[in-house]
Amino acid sequence: MRCPAVDLSECVDCDGCLEVCPEVFRRSDAGYIEVADLEDYPQACVDEAIMMCPAHCISWEETETAP
Ligand code: SF4
């Protein structure tokens, strides 16, 4: 399965991903961008966030599938 990941060391806190894909990206209580824990991620919306992120710090990651 693919899951979006955010490199927080590069994130510039522009809130762009929160605007284009709020069902996936949100701000944690600590103030950082985090990815919601979903069964399935909406590809179009995550791809849009990846394209518009000014820091290019969002990417798809392959996650281990349970055996
Ligand atoms: S769009 Fe990119 S730089 Fe902006 S808040 Fe989201 S992850 Fe951070």
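The first residue in the sequence is number 1, and the count goes up from there. Both backbone and side-chain heavy atoms feed into the values below; hydrogens, waters and symmetry mates do not. Note that ligands are numbered from 1 as they come in the structure, with each ligand's atoms numbered from 1 the same way.
The hydrophobic clustering, which links ILVMFWY residues whose side-chain heavy atoms are closer than 4.5 Å, places Val46 and Tyr32 together.
Within a radius of less than 2.8 Å around atom 4 (Fe) of ligand 1, the protein N, O or S atoms are Cys14 SG.
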* To do: Start with the C-alpha gap between Cys53 and Cys14, add the side-chain angles, then the distance that decides, and say whether disulfide (SG to SG under 2.5 Å) holds.
  => CA-CA 8 Å; Cys53 173; Cys14 72; 6.0 Å; no
* Determine, stepwise, if the pair Arg27 / Ile33 fulfils side-chain contact (heavy atoms from CB on, under 4.5 Å). => CA-CA 4 Å; Arg27 193 171 290 283; Ile33 301 296; 3.9 Å; yes
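At a threshold of 4.5 Å between non-hydrogen side-chain atoms, the residues Pro4 and Trp60 count as touching. Arg2 is not listed as a side-chain neighbour of Glu61, based on a closest heavy-atom distance of 4.5 Å or more.
The side chain to side chain contact (heavy atoms under 4.5 Å, CB included) check on Arg26 picks up Glu34, Ala36, with sequence neighbours excluded.
Taking every non-hydrogen atom of Val6 and a distance limit under 4.0 Å, the qualifying atoms of ligand 1 come out as 7 (S).
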